[in-house]
Amino acid sequence: MPELDSKHILLGITGGIAAYKTPALVRLLRQAGAEVQIVMSASARHFVTPTVLQALSGLPVRDDLWDGGAEAAMGHIELARWADLVLVAPATADVMARLAGGRADDLLTTLCLATPAPLWLAPAMNQGMWRHPAVQRNRQRLVSDGVLLLGPDEGEQACGDTGPGRMVEPEAILAAISAPSATPTETEQILLGLNVLITAGPTVEAIDPVRYISNHSSGKQGYAIAECAAAMGAEVTLVSGPTRLDTPVGVTRIDVQSARDMHDRVHENIAGQDIFIGVAAVADYRPAAAADQKIKKQGDAADHTLILTENPDIIASVAALPERPLIVGFAAETELAEEHARQKRQCKGLDAIVVNDVSKAQIGFNSDYNSATLIWEQGEVTLPFQGKEALSRQLLEQLMSVFGMRLTVPPGALGPT
Ligand code: PMT
């Protein structure tokens with residue numbers, strides 16, 4: 001059971017159908033040791049009653065900025081300071097818009113603006129609403145303001161639709177907010193003066209001008225590491241297969257398509273790098289000969305064979321260089337995850353490998369979350385289930401604590417202090 005050890009959690013509940021899950025969430029938070037103060041929006045009352053929530057949290061539910069009695073007990077600014085963590089679950093499209101706009105038009109949004117504590121949102125809404133450009137704009141604005149987003153999940157929705165917009169389950173919310181790196185601390189510049197090269201996303205291998213072989217990598221994990229490394233002071237170059245993601249602030253991005261492109265761009269940029277992190281899901285094989293023209297249907301009902309040939313192993317080729325950086329690979333495995341990852345680390349000559357067991361729900365490909373084990377020659381450490389941003393921070397901190405001595409920046413390299 002994750003531990004919250006007397007943490008003060010301010011739980012904001014807004015008016016979405018997923019509010020019916022909040023009594024279970026409050027129970028879990030309390031069982032994990034947290035003190036929970038609930039603040040409801042006016043419309044949340046249509047979905048769950050304050051009586052139930054008060055009974056489970058043990059504290060009167062707050063919902064009114066102008067409630068003189070409640071304010072006399074603990075004023076809203078005091079409440080904002082009391083919180084170690086603010087969690088809004090479910091967070092509707094409306095509350096996301098109001099928070100993205102910096103509005104403070106009810107008790108909950110006022111608290112979210114006033115609190116120095118980290119703010120987590122677990123969005124929940126219809127899939128069409130979630131996909132709407134206005135909601136996506138607000139999501140991006142909130143993330144760049146430092147708000148931590150949990151989900152949403154994909155799947156069947158209360159309205160009958162299927163798609164992204166389901167609130168993350170209470171157990172996953174608890175796991176994410178109780179992870180050791182869940183509370184962002186001021187980012188220390190532990191990578192200042194270091195050059196870091198990262199590969200991310202999938203590669204695409206052409207069959208003909210309109211068809212290709214690829215995989216489900218979204219690039220989220222690699223981009224999160226790039227963003228975090230830049231925030232920690234590194235000069236970051238990101239060699240990326242096709243993704244839908246924006247380039248992280250302060251990162252130099254080089255776009256590629258195939259494994260061979262990625263191989264060439266990596267080798268053009270490898271000189272002077274201190275750390276190489278291969279997060280990309282690189283195709284091991286490509287069609288032996290991509291057709292110049294679109295391949296036509298034969299109409300003969302026979303089986304057809306696509307002949308594949310092996311791609312270069314990018315990370316192994318970097319490891320074989322006479323002057324090599326610290327090399328960290330990734331492995332997404334579906335069975336015997338650690339065993340396979342250890343073999344890969346050895347065969348490819350890597351200093352360390354990060355293994356994610358992608359047979360588990362919400363781990364690895366195209367999820368906003370991950371959990372992994374970092375394995376090196378003399379040890380291993382578990383990076384628990386959490387958002388990919390938080391996991392990236394933990395991974396880089398861990399790498400510096402294991403390999404930092406090898407990465408010392410020469411005196412004077414950072415200029416006069
Ligand atoms: O992009 P996301 O949706 O966020 O998903 C993240 C992820 C699941 C893709 C990522 O966490 C991950 O696990 N990436 C590695 C995927 C994988 O299974 O790699 P692999 O086992 O095929 O390769 C092992 C290592 O060798 C990797 O570092 C890979 O980049 C590298 N490799 C592989 C083949 C090749 N030809 N050249 C390589 O450099």
Side-chain angles (χ1 to χ4, degrees), residues 154 197-205 213-228 238-245 248 256-267 269-270 275-286 308-321 324-376 383 385-392 394-395 399:
E154 290 211 30
L197 182 63
I198 297 167
T199 64
T203 62
V204 298
E205 311 295 330
I213 299 174
S214 191
N215 58 66
H216 295 296
S217 170
S218 62
K220 288 178 185 174
Q221 184 63 75
Y223 278 55
I225 295 173
E227 180 166 14
C228 189
L238 179 64
V239 179
S240 171
T243 72
R244 291 161 178 256
L245 305 175
V256 298
Q257 295 285 320
S258 67
R260 284 183 297 173
D261 290 346
M262 188 174 270
H263 172 273
D264 294 351
R265 300 290 91 76
V266 163
H267 280 275
N269 287 279
I270 199 69
I275 307 177
F276 174 66
I277 309 180
V279 194
V282 183
D284 287 323
Y285 296 94
R286 66 178 184 278
L308 301 178
T309 189
E310 200 169 356
N311 271 326
D313 193 309
I314 303 164
I315 207 163
S317 67
V318 172
L321 292 172
R324 46 174 272 170
L326 177 80
I327 303 174
V328 182
F330 264 70
E333 301 292 342
T334 55
E335 52 162 1
L336 304 173
E338 293 201 11
E339 197 179 317
H340 288 152
R342 280 177 204 284
Q343 280 164 7
K344 271 186 195 169
R345 192 190 74 78
Q346 280 212 316
C347 293
K348 295 183 187 237
L350 314 181
D351 297 293
I353 195 157
V354 181
V355 53
N356 12 217
D357 181 348
V358 294
S359 67
K360 296 184 183 150
Q362 297 201 66
I363 302 296
F365 290 101
N366 202 18
S367 164
D368 289 329
Y369 309 96
N370 211 351
S371 70
T373 306
L374 170 67
I375 299 173
W376 65 99
L383 309 171
F385 181 82
Q386 57 198 305
K388 283 182 173 166
E389 295 78 12
L391 186 128
S392 302
Q394 231 181 23
L395 170 64
L399 287 174

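All figures in this text were calculated on a predicted structure; none of them were measured in a lab. Whatever order the structure lists them in is the order used to number ligands and atoms, beginning at 1.
Between Val282 and ligand 1, not a single N/O pair is under 3.5 Å apart. Residue Thr199 has no nitrogen or oxygen atom sitting less than 3.5 Å from a nitrogen or oxygen atom of ligand 1, judged on distance alone. For the pair Asn311 and ligand 1, the shortest N or O to N or O distance does not fall below 3.5 Å. Any N or O atom pair closer than 3.5 Å counts here, and Glu333 shares no such pair with ligand 1. Between Gly201 and ligand 1, a contact under 3.5 Å exists for no N or O pair. Annotation: Gly219 places an N or O atom under 3.5 Å from an N or O atom of ligand 1; distance criterion only. The distance criterion of under 3.5 Å between nitrogen or oxygen atoms is met by Ile315 with respect to ligand 1. Considering backbone and side-chain N/O atoms, Gly278 comes within less than 3.5 Å of an N/O atom of ligand 1.
Looking only at distances, no side-chain donor or acceptor of Ser367 sits under 3.5 Å from a matching main-chain atom of Gly364. One N or O on the side chain of Asn356 and one on the backbone of Ala331 form a donor-acceptor pair closer than 3.5 Å. Remark: side-chain polar atoms of Ser214 are paired, donor with acceptor, to backbone N or O of Thr203 under 3.5 angstrom. Using a distance-only test at 3.5 Å, with no hydrogens or angles considered, no donor-acceptor pair links the side chain of Ser240 to the main chain of Gly201.
Surrounding CD of Gln346 are at most 12 heavy atoms belonging to other residues, nucleotides or ligands under 6.0 Å away. Counting non-hydrogen atoms of neighbouring residues, nucleotides and ligands closer than 6.0 angstrom, the CZ atom of Arg342 exceeds 12 such neighbours.
For His340, the heavy-atom gap to ligand 1 stays at 4.0 angstrom or more. For the ligand labelled ligand 1, residue Ala341 lies outside the 4.0 Å heavy-atom shell.
Atoms of ligand 1 found under 4.0 Å from any heavy atom of Asn366 (numbered from 1 in listed order, with element): 2 (P), 3 (O). Of all atoms in ligand 1, listed by their number and element, those nearer than 4.0 Å to a heavy atom of Gly329 are 28 (O). Atoms of ligand 1 lying under 4.0 Å from any heavy atom of Ala280, numbered from 1 in the order shown and given with element: 15 (C), 29 (C), 30 (O). Counting the atoms of ligand 1 from 1 in the order shown, those under 4.0 Å from a heavy atom of Lys220 are 1 (O), 2 (P), 4 (O). Of all atoms in ligand 1, numbered sequentially from 1 with element shown, those under 4.0 Å from a heavy atom of Gln221 are 4 (O), 6 (C). With ligand atoms numbered from 1 in the order given, ligand 1 contributes 34 (C), 36 (N) to contacts under 4.0 Å with heavy atoms of Asp284.
Nearest to atom 27 (C) of ligand 1 by heavy-atom distance, out of Tyr223, Phe330, Tyr285, is Phe330. Checking Ala283, Gly222, Ser218, Ala332 against atom 16 (C) of ligand 1, the nearest heavy atom belongs to Ala332.
When non-hydrogen atoms are compared, ligand 1 lies under 4.0 Å from the side chain of Asn356 (C-beta onward) but not from its backbone. By the criterion of a heavy-atom distance under 4.0 Å, neither the backbone nor the side chain of His263 is placed next to ligand 1. At a heavy-atom distance under 4.0 Å, no atom of Ser367 approaches ligand 1.
Residues Glu205 and Tyr285 approach most closely at CG-O, 3.9 Å, considering heavy atoms. Looking at every heavy atom in both residues, Glu310 comes nearest to Arg286 through O-NH1, 3.2 Å.
The closest protein non-hydrogen atom to atom 37 (N) of ligand 1 is Ile314 N, 3.0 Å. If you check which protein heavy atom lies closest to atom 14 (N) of ligand 1, you get Val279 O, 2.9 Å. Protein heavy atom in closest approach to atom 32 (N) of ligand 1: Lys348 NZ, 3.7 Å. Counting only heavy atoms of the protein, atom 36 (N) of ligand 1 lies nearest to Pro312 O, 3.0 Å. Of the protein's non-hydrogen atoms, Phe365 N, 3.7 Å is the one closest to atom 8 (C) of ligand 1. In this structure, atom 1 (O) of ligand 1 lies nearest to the protein heavy atom Ser217 OG, 2.6 Å. In this structure, atom 21 (O) of ligand 1 lies nearest to the protein heavy atom Lys344 NZ, 2.3 Å.
Shown here are the side chain to side chain contact (heavy atoms under 4.5 Å, CB included) partners of Asp351, two or more places apart in sequence or in another chain: Arg324, Leu326, Ile327, Phe403, Arg406.
A side-chain hydrogen bond (donor to acceptor under 3.5 Å, both in side chains) with Lys220 holds for exactly one of Asn370, Thr243, Asp368; it is Asp368.
One finds the CG atom of Leu391 at 10.0 Å from the SG atom of Cys228 (value rounded to the nearest 0.5 Å).
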### Message
What verdict does the side-chain contact (heavy atoms from CB on, under 4.5 Å) test give for Gln221 and Phe330, after you've listed the backbone C-alpha separation in whole Å, the side-chain angles of each residue and the deciding distance to 0.1 Å?
### Response
CA-CA 10 Å; Gln221 184 63 75; Phe330 264 70; 3.9 Å; yes

### Task
Would you sort out whether Leu350 and Lys344 count as a side-chain contact (heavy atoms from CB on, under 4.5 Å), showing the intermediate values?
CA-CA 8 Å; Leu350 314 181; Lys344 271 186 195 169; 5.7 Å; no

### Task
Check step by step if side-chain contact (heavy atoms from CB on, under 4.5 Å) holds for His263 and Asp313.
CA-CA 8 Å; His263 172 273; Asp313 193 309; over 6 Å; no

### Task
Go through the steps for Glu333 and Glu338 under the test side-chain contact (heavy atoms from CB on, under 4.5 Å), then give the verdict.
CA-CA 8 Å; Glu333 301 292 342; Glu338 293 201 11; over 6 Å; no

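Between Phe365 and His216, the angle of the ring planes goes over 60°, which puts this pair in the perpendicular group of the 30/60° scheme.
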